[in-house]
Amino acid sequence: MPDIWFTADFHLGHKNIIRYCNRPFETVEEMNQAILERLNARVKANDILYFLGDFCIGPKARASELRQQIRLQENLCGSRKS
């Protein structure tokens, strides 16, 4: 049976969020990788994951690329900042 997860405010690709929120990363790439690795360590392929907002910043193609890195058969994003 799949688990259901709710999350928000990853702000992937948002360089300034590191400074605004005092996140412990030197680069946006390091932040993206750490967040996605931690998420993938928790969720299983058959789980259901709802993003409630602020998944990433950037063009649709980048959002799609980042979603592809999440180990789920399907994930649902509620919004995308661009």
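As a basis for the values below, the full set of heavy atoms in this structure was taken, side chains included, without hydrogen atoms, waters or symmetry mates. All residue numbers in this chain count up from 1 along the given sequence. All of these numbers come straight from a predicted model, not from anything done at the bench.
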Test side-chain hydrogen bond (donor to acceptor under 3.5 Å, both in side chains) applied to [X] - qualifying residues, sequence neighbours left out:
X   : value
R62 : E65
N16 : R19
E30 : none

*For D54 and I17, run side chain to side chain contact (heavy atoms under 4.5 Å, CB included): C-alpha distance rounded to whole Å, both residues' side-chain angles, the deciding distance at 0.1 Å, then the answer.*
CA-CA 11 Å; D54 294 330; I17 204 71; over 6 Å; no
I need the minimum non-hydrogen distance between [X] and [Y], along with the two atoms involved.
X   : Y   : answer
Q69 : L36 : OE1-CD1, 3.4 Å
F25 : A34 : CE2-CB, 3.5 Å
I18 : M31 : CG1-SD, 3.8 Å
C56 : L66 : CB-CD1, 3.8 Å
F10 : F55 : CB-O, 3.6 Å

*Heavy-atom side-chain contact between F51 and I70 under 4.5 Å*: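 F51 vs I70: side chains touch.
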*With sequence neighbours excluded, residues passing salt bridge (charged side-chain N to carboxylate O under 4.0 Å, His left out) with D9*: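 Result, salt bridge (charged side-chain N to carboxylate O under 4.0 Å, His left out) vs D9: none returned.
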*Can you say whether the rings of H14 and H11 are parallel (under 30°), tilted (30 to 60°) or perpendicular (over 60°)?*
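Tilted.
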*side chain to side chain donor-acceptor pair (under 3.5 Å) pairs, two or more places apart, involving residues 31-45*: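 Every side chain to side chain donor-acceptor pair (under 3.5 Å) pair that includes a residue of residues 31-45, provided the two are not neighbours, is D3-K44, Q33-E37, K44-D47.
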